[in-house]
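For reference, the structure is listed below as structure tokens.
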Amino acid sequence: MMQARETNYKEVLCDERHERIETRLTKHGQQIDSLEKCTIKLTEMVDRYDQLAQRQEARITALEKKPGLLLEHVIAYVASAVLGAVGSALAAYFIP
């Protein structure tokens, strides 16, 4: 009879430990699920910010090119004016 009580006590103790372990596993599973959701959201945010950074980089590149393009246009206009003047002077010289 003493051995039956001891066995019963061990089973109860084992069941209590098992319940605590199951409770902890359930809690950890919920925490893992929560972390997975956070990871997904963070990944989406990083992707959006990466796309935003790429668009801003393209804008900056375009703005950096703008003064150079303006200078190229000015040089082209000046060259056209000079060549036009030289052409006009030559035409006036050769055509009486």
Donor-acceptor list for residues 31-46 side chains, cut-off 3.5 Å, not counting sequence neighbours:
| unit_1 | atom_1 | unit_2 | atom_2 | d |
| --- | --- | --- | --- | --- |
| Q31 | OE1 | H28 | ND1 | 3.2 |
| T39 | OG1 | L35 | O | 2.7 |
| T43 | OG1 | T39 | O | 2.8 |

Check: residues 74-90 side-chain donor-acceptor pairs under 3.5 Å, at least two apart:
| unit_1 | atom_1 | unit_2 | atom_2 | d |
| --- | --- | --- | --- | --- |
| S80 | OG | A76 | O | 2.9 |
| S88 | OG | G84 | O | 2.9 |

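With values rounded to the nearest 0.5 angstrom, Q54 atom CD is found 15.0 Å from Y49 atom OH. In this structure, the separation between CD on Q51 and CZ on R48 is 9.0 Å, given to the nearest 0.5 Å. With rounding to the nearest 0.5 Å, the separation of CD in E64 from CD in E57 is 9.5 Å. How far CZ of R20 is from CG of D15: 11.0 Å, rounded to the nearest 0.5 Å.
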